[in-house]
Number of protein chains: 2
Amino acid sequence: MRKIENLDNILRQKGLRATAQRLMICDEINKAGHIEIDNLYENLKKQIPSLSLATIYKNMHSLVKKEIISEVNIKGRKTIYEMTTESHIHYICTECGVIEDIAFDTMALVDKISELSEKNITDCKLTTFGLCTNCAN
Amino acid sequence: MRKIENLDNILRQKGLRATAQRLMICDEINKAGHIEIDNLYENLKKQIPSLSLATIYKNMHSLVKKEIISEVNIKGRKTIYEMTTESHIHYICTECGVIEDIAFDTMALVDKISELSEKNITDCKLTTFGLCTNCAN
DNA sequence: CTACATGCAAATTTTTTGCATTACA
DNA sequence: TGTAATGCAAAAAATTTGCATGTAG
């Protein structure tokens with residue numbers, strides 16, 4: 001939820017134009033933390049009534065390709081988007097479905113599994129599941 | 001790719017009927033290791049020309065619910081299905097996209113992350129990425 | 001027999017595409 | 001001004017649903 005510093009410049013440096021729609025999309029993803037396409041569209045439509053769903057889809061592609069945002073895929077759920085940030089893993093509540101980030105450097109894990117499996121492993125995605133504090137009550 | 005022992009019985013024990021279609025679907029997923037809906041349909045259509053895509057979808061739901069098969073979700077790819085087996089993680093080649101299993105017990109990892117994050121974590125999904133042996137050449 | 005499963009067709013939902021128009025750089 | 005981005009509408013993909021018929025148990 002923190003402010004995105006110089007998003008205009010980041011976009012331009014990566015070769016994308018800083019359009020109002022694109023800025024708002026990034027801002028909304030940043031505010032939401034984790035969001036799916038239809039919620040994103042719904043939320044932004046209020047602020048930019050002319051906004052097209054096609055524009056959102058096109059932006060998701062370009063922003064993912066430039067690694068400004070990232071896709072999160074969870075079993076049985078629609079694709080979720082988040083701002084690309086430093087190494088973290090996801091925590092999903094098995095009851096309410098809320099998604100939280102856990103700061104975790106996966107590189108040691110990558111090395112360990114690379115060694116024991118004798119495969120070339122350079123990256124990994126880790127998603128954890130459990131009952132969140134709210135739902136535990 | 002190993003033979004499924006007593007699939008008929010397993011299905012019935014879980015309250016599903018052992019129809020020809022359902023048995024073939026399981027057999028095909030088992031043979032393939034990892035497969036997506038449309039390949040599954042294509043392959044089985046040769047053997048059961050009357051087979052309907054709707055039947056596949058309906059079976060995927062019932063078989064997943066009974067935990068006989070599992071969904072695998074990978075960024076930017078269609079949902080993949082596999083037989084439910086003991087703890088393992090996935091390895092995806094970043095070049096050719098092939099999916100391999102790595103035997104790995106995630107429970108120690110679950111405990112470790114649960115402790116350091118102070119969250120209740122009971123399960124996790126781990127997917128690893130790298131350049132497979134074939135593509136490295 | 002009877003409840004569950006299948007197959008078909010139609011309906012939804014999700015995502016992509018082409019093209020004219022707009023607007024950033 | 002040139003090129004990328006937007007918005008719209010239409011198309012394509014992916015998934016779900018209702019219902020008549022078939023079949024496992």
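Below, chains carry the letters A, B, ... as their sequence lines are ordered, and counting in each starts from 1.
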Handout entry: Separation of D:dA5 P from A:L51 CG (nearest whole Å)
Key = 15 Å
Problem - Pair A:H88, A:D105: side-chain N/O donor-acceptor within cut-off below 3.5 Å - result: no
Problem - Over 12 foreign heavy atoms within 6.0 Å of NZ, A:K112 - result: no
Practice task
Output yes when at least one side-chain N/O atom of B:T19 is less than 4.0 Å from OP1 or OP2 of D:dT23, else no.
Solution key: no
Practice task
Would you indicate which nucleotide in C:dA5, D:dC8, D:dT6 comes nearest to any side-chain atom of B:R22?
Solution key: C:dA5
Practice task
Quickly work out the A:M24 CE to C:dC24 P distance and round it to whole Å.
Solution key: 14 Å
Handout entry: Heavy-atom pair with the smallest gap, counting every atom of B:K45 and B:S50
Key = NZ-C, 4.4 Å
Handout entry: DNA chain C-proximal residues of residues 34-50 of chain A, any heavy atom under 4.0 Å
Key = none
Practice task
Work out which heavy atom in A:I29 is nearest to a heavy atom in A:L40; give both atom names and the distance.
Solution key: CG1-CD1, 4.0 Å
Exercise for the section: Find the distance A:I56:CD1 to C:dT16:P and express it as a whole number of Å. Expected result: 13 Å
Practice task
Indicate whether OP1 or OP2 belonging to C:dT15 is found under 4.0 Å from a side-chain N or O atom of A:Y57.
Solution key: yes
Exercise for the section: Considering just the side-chain nitrogens and oxygens of B:R17, establish if one lies under 4.0 Å of OP1 or OP2 belonging to D:dT23. Expected result: no
Problem - OP1 or OP2 of D:dG7 under 4.0 Å from side-chain N/O of A:Q21 - result: yes
Practice task
Give a yes or no on whether a salt bridge exists between A:E100 and B:K119, defined as a side-chain N under 4.0 angstrom from a carboxylate O.
Solution key: yes
Handout entry: A:L11 CG - C:dA25 C1' separation (whole Å)
Key = 13 Å
Exercise for the section: Compare side-chain N and O positions of A:H61 against OP1 and OP2 of C:dT16 and report whether any pair is under 4.0 Å apart. Expected result: yes
Problem - First encountered from the 5' end of DNA chain D, between B:K78 and A:L16 - result: A:L16
Handout entry: Enclosure of A:E71 CD (heavy-atom neighbours >12, cutoff 6.0 Å)
Key = yes
Handout entry: Interatomic distance where CG belongs to A:N59 and C1' belongs to D:dA4 [whole Å]
Key = 11 Å
Practice task
For residues A:D123 and A:V110, report the shortest heavy-atom separation together with the two atoms involved.
Solution key: C-CG2, 3.8 Å
Handout entry: For atom OH of A:Y81 and atom P of C:dT15, their distance in whole Å
Key = 7 Å
Completion exercise
Here the distance between atom P of C:dT14 and atom CZ of B:R77, to the nearest Å, is 22 Å
Practice task
Using whole Å, report how far CG of A:L53 lies from C1' of C:dT16.
Solution key: 11 Å
Problem - Donor-acceptor pair under 3.5 Å, A:R12 side chain vs C:dA25 base - result: no
Exercise for the section: Please check the phosphate of D:dT16 (OP1 and OP2 only) for any side-chain N or O of B:K58 closer than 4.0 Å. Expected result: no
